[in-house]
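The next block holds one structure in the form of structure tokens; read it before the comments.
Start at 1 and go down the list; that is how both ligands and their atoms are numbered. Heavy atoms only: backbone and side chains are in, while hydrogens, waters and symmetry mates are out. Note that the coordinates shown come from a computational prediction; the quantities given were computed from them, not determined experimentally.
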Amino acid sequence: MRKLHRKVAAFLPFWLLFEQAASYLYDNRYAGDKVIRAVPDNEAAAKTLKNLTQQFKVDLWQPGSVSYISKGAFVDVRVSRNTSQILLPYLQQANIQYTVLISDLQKAVEKQSGLKSSRNRRSLPGYSYEIYHSLEEIQSWMYHLNKSHSDLVHMFSIGKSYEGRPLFVLKLGRRSQVYKKAVWMDCGIHAREWIGPAFCQWFVKEALQTYQTDPAMRRMLNQLYFYIMPILNVDGYHFSWTHDRFWRKTRSKNSRFRCYGVDANRNWKVKWCDEGASIHPCDDTYCGPFPESEPEVKAVAHFLRKHRKQIKAYLSFHAYAQMLLYPYSYKYATIPNFSCVESAAFNAVNALQSVYGIRYRYGPASSTLYVSSGSSMDWAYKNGIPYAFAFELRDTGHFGFLLPENLIKPTCTETMLAVKNITMHLLKKCH
Ligand SMILES: *[C@@H]1O[C@H](CO)[C@@H](O)[C@H](O)[C@H]1NC(C)=O
Ligand SMILES: *[C@@H]1O[C@H](CO)[C@@H](O)[C@H](O)[C@H]1NC(C)=O
Ligand SMILES: *[C@@H]1O[C@H](CO)[C@@H](O)[C@H](O)[C@H]1NC(C)=O
Ligand SMILES: *[C@@H]1O[C@H](CO)[C@@H](O)[C@H](O)[C@H]1NC(C)=O
Ligand SMILES: [Zn+2]
């Protein structure tokens, strides 16, 4: 009987095993953790806050790097129970205003996590787009579409991840003998930003469901190809389901340090490892030992180089901030053809806002968010893709990376309009 149980267990999906093994997700490791938003209102406070975040090695949620902490801009950090007991009085003493965004992170993880959603909506063909899916589920979903929608979908791999997983891309669009322009979309460069992969799936679903009925979608799929990579950082995403919900980087090993992973959005060969990137392997914005050191980045860069003539737009999906960004990230400067890109962004954020009134900020990444070197968007732009955008999806910090599943639908619905708007802009001639 025991033996049989064990055998059965071997065939159970891993999330069931997970639930049986522990009543708490992730071994209860976030119990007592808090997410705090601090606002330094003068230079001295900013300096102190910088110092504290470094000293206590807290998990910085926003902005992306310690170097961006500055006067007037909020800082979201995840701190352990013990650290918060020291840090909070410290902030009070230093007269730095703060609010608690999430008071019990373990509870928030349990509440949001896709691991606890109802199972019956996971299996195909009743696949739900309003829950978060594991890597395995997303891959089965892709295989399924490749079979069931072979007229519009073609699935292929562009390489292997550090841990040996295939890097799948969906080519979406009506097959054609004649040359077609293309749009590239990737989600999940940063592992913990789960709303990204949810959007990539949503886009494919909408495209397939409305191809027959929506003239705009029909035009898009007839006149363009979409290369969609639902999860770029597959190892990191998997790790964020099994070990650390707040993992950001890839999972490559460093020979000289005990820390794992590289920031896959600082690893591109464009002003590599300059401002806004870290040379320290233990940092969340570590740029890696050399450009394209990460097999995931190298595979995508290789694909984009090979198709640079065909691909007219590069879209990358992140969270969280509610922003639509375009180049440059790495310097304060205006891109050539600024007005075409700017008007595409302006229209896109207006289209997005028209659904639920959610206002996105938009502009060059450097001045709208912060300066960062080695990003995929800058690289795509520099390699001849004229429309390069990065979305920072919902929200602005209330839930942060733990955006609840009931917000997947509104977030994806509004983002869909923005993406369609950018795409239709592409089909027209700017100027
Ligand atoms: C941070 O604060 C500690 C303790 O007050 C101090 O020793 C250290 O020099 C400070 N570091 C920086 C970079 O300001
Ligand atoms: C997708 O389907 C085609 C046949 O239509 C097949 O040749 C291809 O190998 C499939 N892709 C994957 C990744 O299995
Ligand atoms: C794009 O958005 C703008 C502003 O909301 C709107 O005027 C335009 O009609 C939209 N275009 C498409 C094709 O959706
Ligand atoms: C600017 O636009 C023109 C006309 O569409 C195009 O030929 C040129 O390649 C564009 N330049 C850049 C840097 O995107
Ligand atoms: Zn990101």
(request) For atom 13 (C) of ligand 2, find the nearest protein heavy atom and state the residue, atom name and distance (0.1 Å precision). (result) M155 O, 3.5 Å

(message) Please determine whether a side-chain nitrogen of the Lys or Arg among R245 and D33 lies less than 4.0 Å from a carboxylate oxygen of the Asp or Glu.
(response) no

(request) Taking atom types as modelled, find out whether D263 and H190 have a side-chain donor-acceptor pair closer than 3.5 angstrom. (result) yes

(request) Mark whether atom 7 (O) of ligand 3 lies under 4.0 angstrom from at least one protein heavy atom. (result) no

(request) List the closest protein heavy-atom neighbour of atom 2 (O) of ligand 3: residue, atom name, distance to the nearest 0.1 Å. (result) N421 ND2, 2.2 Å

(message) Before you tell me yes or no, could you show the steps for K420 and E206 under salt bridge (charged side-chain N to carboxylate O under 4.0 Å, His left out), namely the whole-Å CA-CA distance, both residues' side-chain angles and the distance that decides it to 0.1 Å?
(response) CA-CA 11 Å; K420 277 173 85 171; E206 279 291 308; over 6 Å; no

(message) So, regarding N350 and ligand 3 (criterion: nitrogen or oxygen to nitrogen or oxygen, under 3.5 Å), is there a contact or not?
(response) no

(request) Note the single closest protein heavy atom to atom 14 (O) of ligand 2, along with its residue, its atom name and the distance in Å. (result) Y143 CE2, 3.5 Å

(message) Could you check whether K205 makes a cation-pi contact with W202, meaning its NZ or CZ is under 6.0 Å from the centre of the six-membered ring and within 45° of the ring axis?
(response) yes

(request) Provide the atom name of the closest N, O or S atom of H318 relative to the Zn ion (ligand 5). (result) ND1

(message) Please report whether the ring centroid of Y314 lies less than 6.0 Å from that of W379.
(response) no

(request) List the closest protein heavy-atom neighbour of atom 10 (C) of ligand 2: residue, atom name, distance to the nearest 0.1 Å. (result) N146 ND2, 2.5 Å

(request) May I ask you to check whether H144 and Y127 place their ring centers less than 6.0 Å from one another? (result) no

(request) Give a yes/no verdict on a cation-pi contact between R251 and Y162, requiring under 6.0 Å between NZ or CZ and the six-membered ring centre and an angle within 45° of the axis. (result) no

(request) Could you say whether the N/O atoms of F168 and ligand 2 ever approach to under 3.5 Å? (result) no

(message) Please determine whether E392 has a backbone or side-chain N, O or S atom lying under 2.8 Å from the Zn ion (ligand 5).
(response) no

(message) Looking only at N, O or S atoms in H190, which is nearest to the Zn ion (ligand 5)?
(response) ND1

(request) Take F168 and Y143 through the ring-ring contact (aromatic ring centres under 6.0 Å, His included) test and state the conclusion after the steps. (result) CA-CA 10 Å; F168 287 128; Y143 277 113; 5.6 Å; yes

(message) Which of the numbered atoms in ligand 3 are under 4.0 angstrom from any heavy atom belonging to M424?
(response) 13 (C)

